[in-house]
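Owing to the predicted nature of the structure, the values given are computational and were not obtained by experimental measurement. Heavy-atom basis, side chains included; hydrogens, waters and symmetry copies ignored.
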Amino acid sequence: MEVRIVNPDADGIGEVAVRSKTSWRLFERAEMTAEAIVDGWLMTGDMGRFDGRGHLQLFGRKKT
C-alpha cells in the first residue's frame, strides 16, 4: 500500500490518499466511486501529514 499527502499546505497538511493492488469499489453508484478514486488513488477525506520520522499524523476530516 502507498500513502501520500495531496495538496499540502505550508505546514505539510493535506488530504491523505492511498492506493494498492487491491481493486477499489466503494459505492454502488459509479459517479461516487469516480469521485473518490482519482488517478488510481483513493481520496480518504482525512487530513494529515508525515512527521520527520515518516509517520502519518492525522488532523481531522476534509469531508464527512
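Note that CZ of R49 and CG of D11 are 6.0 Å apart. Values are rounded to the nearest 0.5 Å. To the nearest 0.5 Å, atoms CE (M47) and CD (Q57) are separated by 13.5 Å. Annotation: the span from I13 atom CD1 to I5 atom CD1 amounts to 9.0 Å, rounded to 0.5 Å. To the nearest 0.5 Å, the span separating CZ on R4 from CZ on F50 amounts to 10.5 Å. Atom CG of residue L42 and atom CZ of residue R19 lie 12.0 Å apart, to the nearest 0.5 angstrom.
Here the closest non-hydrogen pair linking V6 and A17 is CG2-CB, 3.8 Å.
The number of heavy-atom neighbours closer than 6.0 Å to CG of N7, taken from other residues, nucleotides and ligands shown, is 12 or below.
L56 and F59 end up in different hydrophobic clusters when Ile, Leu, Val, Met, Phe, Trp and Tyr side chains are linked at under 4.5 Å. Hydrophobic clustering, with ILVMFWY side chains joined whenever heavy atoms are under 4.5 angstrom apart, groups M1 together with I37.
The pair K62-D46 does not meet the salt-bridge criterion, since no charged nitrogen lies less than 4.0 angstrom from a carboxylate oxygen.
The closest donor-acceptor contact from the side chain of R61 to the backbone of T44 lies under 3.5 Å.
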